[in-house]
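A quick write-up on the structure given underneath.
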2 protein chains.
Amino acid sequence: MAKTVETIATALNISITTVRLVLNNKARQYRISEKTQKRINDYVAEHGYTVNHAARSLKLNKTDTLGLIIPRLSNVFFATLAEKLEIRCREAGYQLMISCTYSDLKQENALVDALVDRNVDGLFVVPSSLQAQNHHLKRTSRPLVLLDRDFDGTDTSLVVSDNRRGSIALTQAMFSAGQLPLFFMAGDTEQPTIKERMKGYTSVLEAQGIADCQQWILETAHNRREDGEKLMQQFLARHNAAPPAFIASSLPVLEGALSVLRSHFGFIPADINIGTFDEHPMLGFLSNNIWSVRQNEDAWAEQAVDAMLHLINGGDENVRAIVPMTLIHRARASL
Amino acid sequence: MAKTVETIATALNISITTVRLVLNNKARQYRISEKTQKRINDYVAEHGYTVNHAARSLKLNKTDTLGLIIPRLSNVFFATLAEKLEIRCREAGYQLMISCTYSDLKQENALVDALVDRNVDGLFVVPSSLQAQNHHLKRTSRPLVLLDRDFDGTDTSLVVSDNRRGSIALTQAMFSAGQLPLFFMAGDTEQPTIKERMKGYTSVLEAQGIADCQQWILETAHNRREDGEKLMQQFLARHNAAPPAFIASSLPVLEGALSVLRSHFGFIPADINIGTFDEHPMLGFLSNNIWSVRQNEDAWAEQAVDAMLHLINGGDENVRAIVPMTLIHRARASL
DNA sequence: GTGAAAGCGCTAACAT
DNA sequence: ATGTTAGCGCTTTCAC
């Protein structure tokens, strides 16, 4: 359906080069006659023309396509990040291919392989482990920008949130609010993001002279709803009462924890002080005092795409961007 | 970096055809000698081989890529839908290119153009209007599957939720709960989805003998948070009290409406009966009686991909799939 | 059982 | 100012 340069050239009885020149706006530069230009432009106006990306890719060995590999789109944070990245990539002339790993290592590696096989010009990845990260590095010769998790061990380009400081601000605010103990429900403690959040938490409490705040930390293996449920169930079994205050290491954990409270008490006790990482408008549905730490997806996207373009254009310094977080407080509903 | 078939052939001093035959598992069929097969397999095992998609695309005029155009990824419903579609497409051997329109008509058309130019094998689109829909149809000769909105006027393949019945179930449940009037906060009443939801609503109330339930409908132009805020502000200005019960036409509208209630009263009055379209775990954060109507993204994805594959494989009947919705009730927190 | 060659549409380098 | 050509890596067709 799409006309080729050759079609146009033969139809107009001009050479392919000439057509290409005006199509690529080099007409001026190569001083193509006005008349010829007009003929070509008229033809295109009538019959249309679009480059054949496949042919172009084959010749130039680049696809004008970037890959993004994240755990899951149904997680609002990653969805928003994907959205922001997609906008900026498109602005830069790249299409984004988004794929999800569902936190499955095999899947993650397979996805990197698939996108590399499709010859993407670069890859954004949220790695699940150092091992995976190394696989990706080995697998592609194209630029790689890691997101969200700093497993260290390489000098690959990287964009993460300042989880430590974010957690410190959160913990300080909640400590000042005065309800103790302030528990921490941590999913997937192996993950750098969570580790940093825990470090921020403990650093504040220790500075406040809380001797053994480790006892206030509840750990589980993953960052899912079920894990939050499990933690809160365990808590209730042990203490037989709701915690006066707690921090959830992520929204899914919070959802799980609160759903258990709701079904245990019949409602979510409004006097619990709640803290969580990641922000969501629906947190306003709670009657509680609630603090959330927002990640700035827009800044992430900007930094990540900048880093990517830099690498694509032959730059070799890797970027390590640490994006500030924002603490948001919703005051407990007054009665 | 990637080896080509020719590289292998010359390295092994065999013809290209032979190499291709074993690479494509036609060795048996063409009775390539075991020895030759082994030589080739060994070589590949050592040096690797991946087809060059660009070359393949150029020759075969297909990209093994599908496009998905949705309003926005930061909307959980679309994000989840995208996720489910991506899984199924990948299973079928296709990569998905996801792009967002931000409800901008120009952007929507431009995206379709961009993906068509990239020669995607097919396109899933959530159209913003009949006009846009027609543009897309005209623009591509490849299969098109419309999602979410039935503007009618064409016999293109289509997957939508059974909004009418979903709304009927919701309205009946809330009517039976007994708190009246039951208002309906409707964003973007031009959109078929919302229209159907309103029709379901009015049909139930009229059947119940509510003479003029039109007065219970509050309308606004869009489906965003701000629109929900506006509606609830208007409501409060007029009635100077919270509604005893209301239905929001979508989650963003609900978020907006509730945030206004929260800032007006200092809390969200727990005795309001709330209904909403689309389901979200965080609805459980509310203390209210709340009904939500879930759309089955998984079923959508299955139907949409099936329809797409059918068309890609030369089928010509268009599918019109209407996916049932599920009513979910969360009982008001007991005290 | 294996080989040779054309051609998909583009770009870049080299003619004139 | 305009024209010619080689070649990117694959698939398909035909030939031995």
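So you know, we letter chains A, B, ... as the sequences are listed, proteins then strands, and number each from 1.
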Whole-Å distance between [N] [atom2] and [X] [atom1]?
X: B/Asn52; N: C/dC8; atom1: CG; atom2: P; value: 18 Å
X: B/Leu23; N: C/dT2; atom1: CG; atom2: P; value: 15 Å
X: B/Ile14; N: C/dG3; atom1: CD1; atom2: P; value: 7 Å
X: A/Glu34; N: D/dT2; atom1: CD; atom2: C1'; value: 16 Å
X: A/Asp117; N: D/dG9; atom1: CG; atom2: P; value: 15 Å
X: A/Asp64; N: C/dC10; atom1: CG; atom2: P; value: 14 Å
X: A/His53; N: D/dC8; atom1: NE2; atom2: C1'; value: 17 Å
X: B/Asn24; N: D/dG9; atom1: CG; atom2: P; value: 17 Å

Is the closest side-chain heavy-atom distance between [X] and [Y] below 4.5 Å?
X: A/Asn119; Y: A/Asn61; value: yes
X: B/Asp148; Y: B/Leu81; value: no
X: A/Ser99; Y: A/Gln107; value: no

Residue mapping more 5' on DNA chain C - nearest nucleotide basis, A/Glu6 or B/Thr18: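 Looking at the nearest nucleotide for each, B/Thr18 comes out on the 5' side.
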Closest-nucleotide 5' rank along DNA chain C - winner of B/Ser15 and B/Leu58: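 It is B/Ser15 whose nearest nucleotide is closer to the 5' end.
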Look at the side-chain N and O atoms of [X] and state whether any lies under 4.0 Å from the OP1 or OP2 oxygen of [N].
X: B/Arg56; N: D/dG9; result: no
X: A/Ser33; N: D/dT2; result: yes
X: A/Tyr49; N: C/dC10; result: yes

Candidates B/Leu96, B/Leu115, B/Val120 - the one meeting side-chain contact (heavy atoms from CB on, under 4.5 Å) with B/Thr65: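 When B/Leu96, B/Leu115, B/Val120 are each tested with B/Thr65, the side-chain contact (heavy atoms from CB on, under 4.5 Å) holds only for B/Val120.
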B/Arg72/B/Asp104 ion pair, N-O < 4.0 Å: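 Here B/Arg72 does not pair with B/Asp104 in a salt bridge, since their nearest N and O are not under 4.0 Å apart.
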Salt bridge present between A/Lys38 and A/Glu34 (N-O < 4.0 angstrom):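 Salt bridge flag = no for A/Glu34 with A/Lys38.
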Members of residues 36-45 of chain A that approach DNA chain C, where some heavy atom sits under 4.0 Å away: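 Those residues whose heavy atoms fall under 4.0 Å from DNA chain C, taken from residues 36-45 of chain A, amount to none.
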Within 6.0 angstrom of A/Asn13 CG, more than 12 heavy atoms from elsewhere: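 Not buried by this count: 12 neighbours or fewer within 6.0 Å.
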Between the protein and nucleotides 12-16 of chain C, list every N/O to N/O distance that falls short of 3.5 Å.
none

Ring-ring centroid check A/Trp300 A/Phe124, cutoff 6.0 Å: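 No: the rings miss the under 6.0 Å criterion.
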Closest heavy-atom pair and its distance - B/Leu105, B/Gln131: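 Answer, listing the atom of B/Leu105 first, then B/Gln131: CD2-OE1, 3.7 Å.
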